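Report on the structure given below.
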Amino acid sequence: MKEKINIPHELFRLKIKEMAEEVRIKFAKKGLSDIFDILSESSFLIRKPLDLEELSGFITYFEDHFIVYLNSNFTLGHERYTAAHELYHIIYNEDILKREKVFIDKDKYKEEEEKADVFAAEFLMPEDYVKEVFYKIVNVDKDRLKARHIVRMHNYFKVSYKAMLKRLVQLKLCSPKKYFDLIDIASLENKEKLQALTREEGFSLDLIVPSRVTYIPKEYLIYVKSNYENGKVTYEELKKTLEYIDLRPEELGYVKS
């Protein structure tokens, strides 16, 4: 049962939990709590729709900067989870990223990928706070949970329905057996049911539909242009860098000499 839900071993989870708490406190001291704000503080954050269904996000290291791309074709709840996943890599895999420059190889660094996933859950859904909110707004037996309860919880923590349900199983607030009763509504085939239930509970659909937002920080364009003008990157490197944000050098006034 555990393997199917993919719940991490408890000692492994507790170790990552400490790391997530340290990072949360670090950014809280700066007045930052939202994951997108935190990621923007740590990197150049670019959010845009990507026509790659299997890719929810990735990170690169270029000219002494981390650049994070999030695919806004995924639901906002999923996108926020991916953001927390990439935050782990920035903070704890700096050496790997600087060495590899591009995507972290998921097969080569399998353990780091697993840690990043657990970190995302611990960071966005802190154990003590999840329990506090659960007993405040749900407070039913782990075998009597209903889909509407998960909707209330995942909207509170601004994560996806599935991520919240899995977290409740992990914290023994939902039984593994009940998980399989409640997960169906999160499928693509049942999206209209989930949307209807979300409206019934008084929430917007923001977390369960793709935002398809395009966000590119002005600092990123200034940085890219400056590197080219100062000869730090070639025209071809500039072209490749701009491709990620659907721009061409000509649109910025640069032509190949």
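Given the structure is predicted, the values throughout are model-derived calculations rather than measurements.
Salt-bridge check for E237 with K232: failed, with every basic side-chain N at 4.0 Å or more from each acidic carboxylate O. We find that E132 and K136 are not joined by a salt bridge, their nearest charged nitrogen and carboxylate oxygen being 4.0 Å or further apart. A salt bridge is absent between E21 and R24: the closest approach of a Lys/Arg side-chain nitrogen to an acidic carboxylate oxygen does not fall below 4.0 angstrom. Salt-bridge check for K131 with E127: passed, with a basic side-chain N closer than 4.0 Å to an acidic carboxylate O. The existence of a salt bridge linking K115 and E111 is confirmed by a sub-4.0 Å separation between a basic side-chain nitrogen and an acidic carboxylate oxygen.
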Quiz prompt | Derivation and outcome, side chain to side chain contact (heavy atoms under 4.5 Å, CB included), residues V151 and L194 | solution = CA-CA 8 Å; V151 168; L194 181 57; 3.9 Å; yes
Quiz prompt | E112 vs Y88, side-chain hydrogen bond (donor to acceptor under 3.5 Å, both in side chains): CA-CA, chis, key distance, verdict | solution = CA-CA 9 Å; E112 291 306 310; Y88 171 88; 2.7 Å; yes
Exercise. Check the pair L70 / F36 against side chain to side chain contact (heavy atoms under 4.5 Å, CB included), numbers first and verdict last.
Key: CA-CA 10 Å; L70 298 179; F36 292 144; 3.7 Å; yes
Quiz item: So E94 and K98, salt bridge (Lys or Arg N to Asp or Glu O under 4.0 Å) or not? Walk me through it.
Solution: CA-CA 6 Å; E94 182 177 350; K98 288 182 176 180; 2.6 Å; yes
Quiz item: Would V130 and L168 satisfy side chain to side chain contact (heavy atoms under 4.5 Å, CB included), going step by step from the backbone distance to the final call?
Solution: CA-CA 8 Å; V130 167; L168 293 178; 4.0 Å; yes
Quiz prompt | Steps toward side chain to side chain contact (heavy atoms under 4.5 Å, CB included) verdict (L165, C174) | solution = CA-CA 8 Å; L165 178 56; C174 174; 3.9 Å; yes
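Taking a 6.0 Å sphere around CG of D141, one finds it holds more than 12 heavy atoms contributed by other residues, nucleotides or ligands. Few gaps surround NZ on K17; more than 12 heavy atoms of other groups in view lie less than 6.0 Å from it. In this structure, K158 places its NZ atom where only 12 or fewer heavy-atom neighbours from other residues, nucleotides or ligands lie under 6.0 Å away. Around CD of E251, the count of heavy atoms belonging to other residues, nucleotides or ligands within 6.0 Å exceeds 12. In this structure, E236 places its CD atom where more than 12 heavy-atom neighbours from other residues, nucleotides or ligands lie under 6.0 Å away.
Of the inter-residue distances, the one linking L238 atom CG with L252 atom CG reads 7.0 Å to the nearest 0.5 angstrom. Here I208 contributes atom CD1 and T198 contributes atom OG1; the two are 3.5 Å apart, rounded to the nearest 0.5 Å. Within the model, atoms CD1 of I38 and OG of S33 stand 6.5 Å from one another, a figure rounded to the nearest 0.5 Å. Remark: F27 CZ to D34 CG distance equals 12.0 Å, nearest 0.5 Å.
Between F58 and Y69, the ring planes are parallel. Angles under 30° get that label, and only those over 60° would be called perpendicular. Between H65 and F44, the ring-plane angle classifies as parallel under the 30° and 60° cut-offs. Taking the six-membered ring where tryptophan is involved, the planes of F74 and H78 are essentially parallel, since the angle between them stays under 30° and well short of 60°.
Between the side chain of N227 and the main chain of V233, no donor-acceptor pair closer than 3.5 Å is present. When atom types are taken as modelled, the side chain of S43 and the backbone of L39 share a donor-acceptor pair closer than 3.5 angstrom. At least one donor-acceptor pair under 3.5 Å links the side chain of H149 to the backbone N or O of K146.
Residues K48 and D246 approach most closely at NZ-OD2, 2.8 Å, considering heavy atoms. The minimum heavy-atom distance between L247 and L221, with the atom names listed, is CD1-CD2, 3.9 Å. When all heavy atoms are compared, the tightest approach of Y223 to I67 is CE2-CD1, 4.4 Å. Listed here is the closest heavy atom pair of V213 and S72: O-OG, 2.7 Å. Between R167 and A121 the shortest heavy-atom distance is NE-O, 3.9 Å. Here the closest heavy-atom approach between residue L55 and residue N71 is recorded as O-ND2, 2.9 Å.
Tracing side-chain contacts under 4.5 Å through hydrophobic residues (I, L, V, M, F, W, Y), one never reaches I7 starting from L14; they form parts of separate clusters. Put simply, L205 and L207 are part of the same group of oily side chains (I, L, V, M, F, W, Y) that touch within less than 4.5 Å, one to the next. By the rule that hydrophobic residues join a cluster once side-chain heavy atoms approach within less than 4.5 Å of another member, F157 and I137 end up as members of one cluster. In the hydrophobic cluster analysis, where Ile, Leu, Val, Met, Phe, Trp and Tyr join through side-chain heavy atoms closer than 4.5 angstrom, L242 is grouped together with L52.
Shown here are the ring pair (Phe, Tyr, Trp, His ring centres under 6.0 Å) partners of F123, two or more places apart in sequence or in another chain: F119.
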